[in-house]
Amino acid sequence: MLLRMSSLLLRTLREEPADAEVPSHRLLVRAGFIRRAAPGGYTWLPLGKLVLDRVTAVVREEMHAAGGQEISFPALLPREPYETSGRWTEYGDDLFTVKDRRGADHLLAPTHEEMATLLVQDMTGSYRDFPLLLFQIQTKFRDEARPRGGLLRGREFLMKDAYSYDLTENGLIEAYERMRAAYQRIFTRLGLDHAIVSAVSGAMGGSVSEEFLAAAEVGEDTFVGCTDCDYAANTEAVSTPAPPAREVTAPTMEVHDTPETPTIASLVELANERGLGGRTDWTAADTLKNVVVTVLHPGHGPELLAIGLPGDREVDLKRLNAALAPATAVLFDDFESRPDLVKGYIGPQGITIPYLADPRVAPGTAWLTGANEPGKHATDVVAGRDFNPDGTIEAAVVRPGDPCPACGDGTLTMRRGIEIGHIFQLGRRYTDAFKVDVLGADGKPVRPTMGCYGIGLSRAVAAIAEQHHDEQGLVWPAAIAPADVHVVAAGKDGQVEAALALAATLSRAGLRVLVDDRPNVSAGVKFTDAELIGIPRCVVVGRRLAEGFAELRDRRTRERTEVPLVDMAGVIAAELG
RNA sequence: CGGGUCGUGGCGCAGCUUGGUCAGCGCGCUCGCUUUGGGAGCGAGAUGUCGCGGGUUCGAAUCCCGCCGACCCGACCA
């Protein structure tokens with residue numbers, strides 16, 4: 001490959017684009033890799049397309065190596081299959097829907113579990129057809145409420161999605177582990193520093209799922225690690241260790257006048273001032289906060305739900321929604337319509353709506369909480385004695401320093417990451433929905449079990465840019481750089497010709513070459529552009545040309561060495577291994 | 001979807017408060033000459049329905065209404 005900058009569709013920007021905030025977005029636009037074309041939609045320019053194709057090639061290679069067979073579904077799909085699976089409504093507003101000329105509903109696919117399952121139903125009939133692993137690389141559509149960060153979250157993006165079908169649980173687990181291993185190889189090859197964390201399944205359904213998160217400040221996901229063990233999880237999936245149930249030793253519940261204490265802080269202050277329950281050491285953690293939310297089930301009416309949690313914790317709506325999925329929740333604020341719910345003074349004893357408690361609200365624990373009357377709270381309200389929650393829920397914020405749910409010894413640390421991959425053991429949700437059965441070896445029907453595995457390819461490009469850049473610009477890992485070498489003609493006196501000749505030589509040696517042969521562009525501009533574009537190594541054809549030397553620069557380390565022109569191809573080939 | 005900021009040549013911005021030589025600056029672009037190892041100099045040029053639609057007015061980039069879009073925070077979502 002030999003690309004000449006004199007004719008390349010490229011315009012680097014000296015100034016920061018005003019609409020770009022995150023580093024990957026700024027740099028990819030400035031360096032001429034992408035261009036915004038629509039809300040949440042980007043055009044891949046020649047350099048960007050080269051990178052995207054490299055990423056795609058790595059993924060495709062590893063998918064084949066893992067036994068995958070590549071197919072391609074339509075992106076424009078009819079409504080019925082998604083109606084059958086329930087996702088037409090469950091996916092909600094994020095689903096891009098369109099009507100055809102006859103008024104029939106269609107959708108632009110956000111993922112293809114339904115179509116993959118229908119294909120399996122259509123084309124298999126016997127246990128001999130399994131196991132099966134299908135994958136495709138295709139543009140996906142989601143009507144995101146808020147596209148952001150350039151390629152990080154678009155309404156249209158490139159995704160590799162794969163679907164496994166097995167006849168046994170062990171088969172599914174084996175396929176899942178194989179894909180998990182393939183993902184680790186892929187992200188390592190892409191140069192992405194990543195973590196594998198337990199996750200919640202969201203609209204996909206299913207039980208076990210893990211996310212691959214690329215560590216990045218601008219990531220939208222927060223995940224925890226443990227100081228002592230290898231536990232890692234998305235905050236949404238963190239489980240709270242429940243204290244063991246204990247004997248009830250607390251005295252009888254007692255109601256106190258606590259005027260003007262609608263907040264936890266004001267309640268704790270007053271409780272200590274008055275020595276409520278004979279104590280003056282109340283903290284927020286001793287109180288039980290009861291938050292009312294409106295739960296919206298897809299396709300049903302709203303429902304009220306109260307959530308009880310220690311007063312020093314807020315409700316984390318992300319965690320709450322993850323726990324309630326596919327239903328969603330919003331904070332309830334129309335207390336005037338519900339006189340039975342006394343804002344600021346709600347207690348779980350005798351509450352009139354469903355009540356779920358944080359795991360820390362274990363049987364036998366005693367709390368300072370609302371008395372369901374304005375200006376009154378109660379002490380020694382004991383779980384299991386004075387109230388019985390309808391269940392537990394993981395909705396409280398997770399904080400650094402919280403105990404690890406896995407080992408119990410360590411504490412949790414928190415980082416942010418970009419979700420670049422997500423793998424699920426879906427089970428039979430979709431094969432049940434479409435009633436897929438095949439004949440087993442014993443002649444009896446068997447229902448296949450399913451896994452699905454996604455990688456955001458365009459997002460991965462952004463994640464790589466996020467992790468590989470410096471003050472001057474992008475610094476692509478060799479495996480996915482748009483070229484192997486960037487040849488710069490730095491001076492006058494025939495150096496453009498010499499640079500082109502060298503570029504041709506390197507290209508013939510099998511290297512992918514970008515050559516800056518722009519006439520009448522100063523060396524400074526070319527160097528700056530080369531650093532912005534971020535090809536791993538740059539060859540400067542300049543002042544020592546007459547002696548038969550050119551300068552080889554390493555983009556990352558900034559190391560410079562003089563190399564004889566005749567040896568250049570060999571030296572670079574050696575570096576590439 | 002709520003709150004905020006914003007929309008003026010390819011990019012970055014000024015102008016709007018107080019309507020009327022305000023279509024302006026820098027970068028980029030074109031041509032010529034000079035320059036050529038770290039975003040060159042001089043000269044000459046081209047590029048705008050001032051986001052869209054409506055309204056007020058003799059007159060609107062500027063004032064009013066509606067819409068669209070961008071970005072940030074939150075919500076939502078992966």
Side-chain angles (χ1 to χ4, degrees), chain A residues 9-22 25-26 29-30 32 35-41 90-95 110-111 140-150 152-155 157 159 161 199-204 209 211-213 218-221 234 236-237 293-294 296 315-318 320-322 324-331 333 417-424 452 454-456 459 472-473 488-496 516 518-532 538 540-545 550-551 553 558 560:
Chain A
L9 181 62
L10 172 72
R11 165 164 286 158
T12 58
L13 304 179
R14 184 183 294 218
E15 293 175 276
E16 301 282 319
D19 61 355
E21 192 72 15
V22 305
H25 186 195
R26 281 203 316 261
V29 171
R30 270 193 68 204
R35 207 78 172 169
R36 200 187 83 87
E90 255 179 43
Y91 224 94
D93 291 337
D94 269 17
L95 196 64
T111 61
K140 293 290 190 287
F141 299 88
R142 294 183 194 174
D143 192 357
E144 293 286 349
R146 176 147 92 94
R148 64 172 291 269
L152 282 178
R153 176 173 298 279
R155 303 211 292 175
F157 55 95
M159 180 173 176
D161 45 323
V200 291
S201 300
M204 291 302 164
S209 100
E211 288 173 322
F212 290 72
L213 298 181
V218 300
E220 297 179 87
D221 292 275
N234 195 305
E236 292 174 13
V293 298
T294 306
L296 303 162
V315 168
D316 180 336
L317 278 173
K318 271 193 168 188
L320 173 60
N321 278 302
L324 294 174
T328 58
V330 293
L331 285 178
D333 54 10
I418 299 164
E419 182 192 2
I420 45 178
H422 201 160
I423 56 178
F424 303 77
C452 77
I455 292 179
R459 182 182 277 180
Q472 273 63 48
V488 169
K492 49 183 176 179
D493 304 331
Q495 281 159 348
V496 167
D516 195 342
R518 291 176 293 179
N520 306 317
V521 172
S522 73
V525 171
K526 290 180 178 177
F527 293 151
T528 309
D529 277 347
E531 280 152 14
L532 182 58
C538 176
V540 182
V541 177
R543 55 191 164 209
R544 292 196 63 194
L545 173 63
E551 185 179 275
R553 296 183 178 183
R558 297 167 185 279
R560 301 178 181 195

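First the proteins, then the strands, lettered A, B, ... as listed; each starts at 1. All heavy atoms count here, side chains included; hydrogens, waters and symmetry mates do not.
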inquiry  = Rounding to an integer number of Å, can you tell me how far A:D516 CG sits from B:G38 C1'?
reply    = 13 Å
query = Any donor-acceptor pair under 3.5 Å between the side chain of A:R155 and the base of B:G69?
reply = no
query = Has the side chain of A:R148 got a donor or acceptor that lies under 3.5 Å from a partner of the other kind on the base of B:C71?
reply = no
request  = Could you tell me whether A:D93 contacts a base, only the sugar-phosphate backbone, or nothing, with contacts defined as non-hydrogen atoms closer than 4.0 Å?
outcome  = nothing
ask   = So what does A:Q472 hit on the nucleic acid, given a heavy-atom distance under 4.0 Å: a base, only sugar-phosphate, or nothing?
value = nothing
task = Please state the P separation for the pair B:U47 and B:G37 - nearest whole angstrom.
result = 35 Å
inquiry  = Base of B:G39, side chain of A:R30 - is there a donor-acceptor contact under 3.5 Å?
reply    = yes
query = Counting only distance, no hydrogens or angles, is the base of B:G39 paired donor-acceptor with the side chain of A:E15 under 3.5 Å?
reply = no
message = Can a donor-acceptor pair be found, under 3.5 Å and without considering hydrogens, that links the side chain of A:R560 to the backbone of A:R553?
response = no
ask   = When you check the phosphate oxygens OP1 and OP2 of B:C76, does a side-chain N or O of A:N321 lie under 4.0 Å from one of them?
value = yes
message = Determine whether a donor-acceptor pair (one donor, one acceptor, N or O, separation below 3.5 Å) exists between the side chain of A:E16 and the base of B:G12.
response = no
query = Would you say a side-chain N or O of A:S522 is under 4.0 Å from OP1 or OP2 of B:A40?
reply = yes
request  = Ignoring backbone atoms, establish whether A:R543 has a side-chain N or O less than 4.0 Å from OP1 or OP2 of B:G37.
outcome  = no
inquiry  = Between A:D143 (side chain only) and A:R155 (backbone N and O only), is there a donor and an acceptor less than 3.5 Å apart?
reply    = no
ask   = Can you tell me how far P of B:G12 sits from CG of A:D19, to the nearest Å?
value = 7 Å
message = Side chains of A:V540 and A:K526, heavy atoms from C-beta outward: is any pair under 4.5 Å?
response = no
query = Which whole number of Å gives the distance between the P atom of B:C11 and that of B:G48?
reply = 14 Å
